[in-house]
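FYI, side chains are in, hydrogens and waters are out, and symmetry mates aren't considered; it's all heavy atoms of this structure. By convention in this document, chain letters (A, B, ...) are assigned in the order of the sequence lines, proteins followed by strands, and residues within each chain are numbered from 1.
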2 protein chains.
Amino acid sequence: MGQHPTPDDDFPSYLTDQQLRKGIEAMFFAYRGFTADPDRILTKYTYGRAHHRAVHFINRNSGTTVNNLLHVLGVTKQSLNRVLRTLLRDQLIESRIGLRDKRERHLFLTKAGAELERELSQAQRQRIRNAYQHVGPEAVAGFHKVLEAVMDPELRCHFTSLKDDDNE
Amino acid sequence: MGQHPTPDDDFPSYLTDQQLRKGIEAMFFAYRGFTADPDRILTKYTYGRAHHRAVHFINRNSGTTVNNLLHVLGVTKQSLNRVLRTLLRDQLIESRIGLRDKRERHLFLTKAGAELERELSQAQRQRIRNAYQHVGPEAVAGFHKVLEAVMDPELRCHFTSLKDDDNE
DNA sequence: TTGGAAAGTCAACAACACTGACATAAAATC
DNA sequence: GATTTTATGTCAGTGTTGTTGACTTTCCAA
C-alpha cells in the first residue's frame, strides 16, 4: 500500500515510502544537530530558542515591526512579547516608535544584541559550513531546492525576500 | 569579517556567510512546514510532537526498549515516561516485559497506534513526496547528503541503521 | 549477597506555546 | 468629528515538553 515493488519512470525509487520515511528521519536528526550549538550557548544566558529566533530576524531585517516579526515567526503576540520584553530589559534590542506610523515599534539590535547574534549564528554557520564543504556545491543546491519546496507557500515569501519593505 | 568579496576556488560562493545564513533560514522555515501537518492532526487527539516522535520510532523499530528510545529521542526518561504513560493509557502502544532481561520493556504499537502512526506519517510523507517530485532525484540526493552531514555523529548511527539489534 | 543497571514514579520547575480579555494610542474610514 | 480598525502591550490561565533531583522496585551479574 503506497509502496511499489518495481520502480519505473512512473514510480521512481526515490519516491518510495521507505525513502520518504528516511527523509523524514533525516530532517528530525538534522534539525537536532542544527539547533544543538546555539542551544548550548543560550543556556549560558538563560535564554531559549525563541530569543535566538527573535534576535536572528531582527538582525536580518533591522527596523522590522513587531507585527512583521509576528508573522515571520508564526507565534502569537503574547508569546513574542514575553521574549521581546526580556531582550529589551537586558538591552539586547531597542524599540523605536515609528515616524510615519506612531503605533508601530521598530526593532533594532543594540551592540550587545549584535554580539549575541554573532556568537549564536557563528556556531550555527560553522556547522552548516562544514556540512556544505563536505558534500559540495551540487548537493547544497539540491538541499536548498528541497527545503524551499517543503515550506508552506506563505512562509516561502518571507524566505525568498531577503529585504522587506518596512524602514523609515 | 568572515565574508569574502571575491569568491574563488579557496572561497567558493556557496560558502559565504550570506549563503550560510540563507541555509539556516531555509532549515527554520522548512522545519515549520515539515511539522505543520502532523501538528494539526495531533491537536485532534490532544497529543503533541513528543507523542508523534515516540509513535514513529516504535513503529520504525518495533519492540525497541525504553532505554533505546531514550537515546534515539534524546530526552530524559521522565520526559519520555510521561508520553509513554498516556500512549499506554490510551492503548496506542503496549509494553511487554523482556524475555531475556525482565527489567526491559519492549514497546509495540497496537492496532490503534499503528493507525495513528499511519495517519501522521501519511500527511508528512505527502508533503515530502510533493517536494521531492517537484525538485527531482538529483536535488533529493543532495538534500540527504547535507542533512546527514549536519547531524551529530552519535545521532547519525541511529539514522543510518534502519534495523536495530533488540528483539526477543 | 551485594552492587549496579533498567525502569518507573513523584515533585518542582522553566521555556514556550496557546486562548481570552482588556487597555491604549493612533491611523483610517465613515 | 465620531467610529472603527490596527498595532502594541499586558494580565491571567492553561497545556506540552523539556529539565533536575530523589526515591523505589525489579532483577541481572559479579
Should the ring pair [X] and [Y] be called parallel, tilted or perpendicular, given that the plane angle runs from 0 to 90° and is split at 30 and 60?
X	Y	result
Tyr45(A)	Tyr47(A)	parallel
Phe29(B)	His158(A)	parallel
Phe34(A)	Tyr31(A)	tilted

**OP:** Identify, residue by residue, the members of residues 31-58 of chain A with a heavy atom below 4.0 Å from DNA chain C, and return them in order of residue number, or none.
**Re:**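 Within this stretch, Thr46(A), Gly48(A), Arg49(A), Ala50(A), His51(A), Arg53(A) sit under 4.0 Å of the strand.
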Subject >> Qualifying residues under salt bridge (charged side-chain N to carboxylate O under 4.0 Å, His left out), relative to Asp37(A), sequence neighbours excluded >> reply: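 With sequence neighbours excluded, Asp37(A) shows a salt bridge (charged side-chain N to carboxylate O under 4.0 Å, His left out) to Arg40(A), Arg127(A), given in chain and number order.
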Original post:
Who pairs with Arg103(A) by salt bridge (charged side-chain N to carboxylate O under 4.0 Å, His left out), at least two apart in sequence or on another chain?
Top reply: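 Here the qualifying residues are Asp101(A).
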Original post:
Quick one: what's the B/S/- string for nucleotides 21-30 of chain C, heavy-atom cutoff under 4.0 Å, read 5' to 3'?
Top reply: B----BS---
**OP:** Using ring-ring contact (aromatic ring centres under 6.0 Å, His included) as the criterion, list what pairs up with Phe28(A), not counting sequence neighbours.
**Re:**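 ring-ring contact (aromatic ring centres under 6.0 Å, His included) check on Phe28(A) returns Phe57(B).
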Original post:
Considering residues at least two apart in sequence or located in another chain, which fulfil the side chain to side chain contact (heavy atoms under 4.5 Å, CB included) criterion with Val83(B)?
Top reply: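 Ala50(B), His51(B), Ala54(B), Leu87(B).
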**OP:** Check side chain to side chain contact (heavy atoms under 4.5 Å, CB included) between Gln91(A) and all other residues, then give those that pass, not counting sequence neighbours.
**Re:**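 Residues passing side chain to side chain contact (heavy atoms under 4.5 Å, CB included) with Gln91(A): none at all.
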Subject >> Spacing of Leu80(A) atom CG relative to dC18(C) atom P, expressed in whole Å >> reply: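 That distance rounds to 10 Å.
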Original post:
Rounded to whole angstroms, how far apart are CG on Asn67(B) and P on dA6(C)?
Top reply: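 Atom-to-atom, Asn67(B) to dA6(C), this comes out as 5 Å.
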Subject >> For chain B, the stretch of DNA chain D it reaches, first to last nucleotide, under 4.0 Å of its heavy atoms >> reply: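 Taking any atom under 4.0 Å from a heavy atom of chain B, the span is dT16(D) to dC28(D).
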Subject >> Presence of salt bridge, Glu154(A) and Arg32(B), under 4.0 angstrom >> reply: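 Salt bridge: no.
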Original post:
Do side-chain atoms of Ser95(B) reach the backbone of Leu107(B) as a donor and acceptor pair under 3.5 angstrom?
Top reply: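 Side chain of Ser95(B) to backbone of Leu107(B): no pair is present.
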Subject >> Residues in side-chain hydrogen bond (donor to acceptor under 3.5 Å, both in side chains) contact with Gln124(B), at least two apart in sequence or another chain >> reply: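 Per chain and number, Gln124(B) pairs via side-chain hydrogen bond (donor to acceptor under 3.5 Å, both in side chains) with no residue.
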Original post:
What residues, two or more places apart in sequence or in another chain, satisfy side-chain hydrogen bond (donor to acceptor under 3.5 Å, both in side chains) together with Asn59(B)?
Top reply: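 Residues passing side-chain hydrogen bond (donor to acceptor under 3.5 Å, both in side chains) with Asn59(B): none at all.
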Original post:
Where does DNA chain D pair, written as one dot-bracket string 5' to 3', with Watson-Crick or G-U pairs under 3.5 Å, ( ) inside the strand, [ ] for crossing pairs and | for another strand?
Top reply: ||||||||||||||||||||||||||||||
Subject >> Sequence neighbours excluded - salt bridge (Lys or Arg N to Asp or Glu O under 4.0 Å) pairs with any residue from residues 73-97 of chain A >> reply: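 Those involving residues 73-97 of chain A are Glu94(A)-Arg96(A).
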**OP:** Name the residue closer to the 5' end of DNA chain D, choosing between Arg82(A) and Arg85(A) according to the nucleotide with the nearest heavy atom.
**Re:**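 So the residue in question is Arg85(A).
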**OP:** On DNA chain C, check which nucleotide each of Leu88(B) and Ser79(A) is closest to and give me the residue with the more 5' one.
**Re:**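 The 5'-side residue here is Leu88(B).
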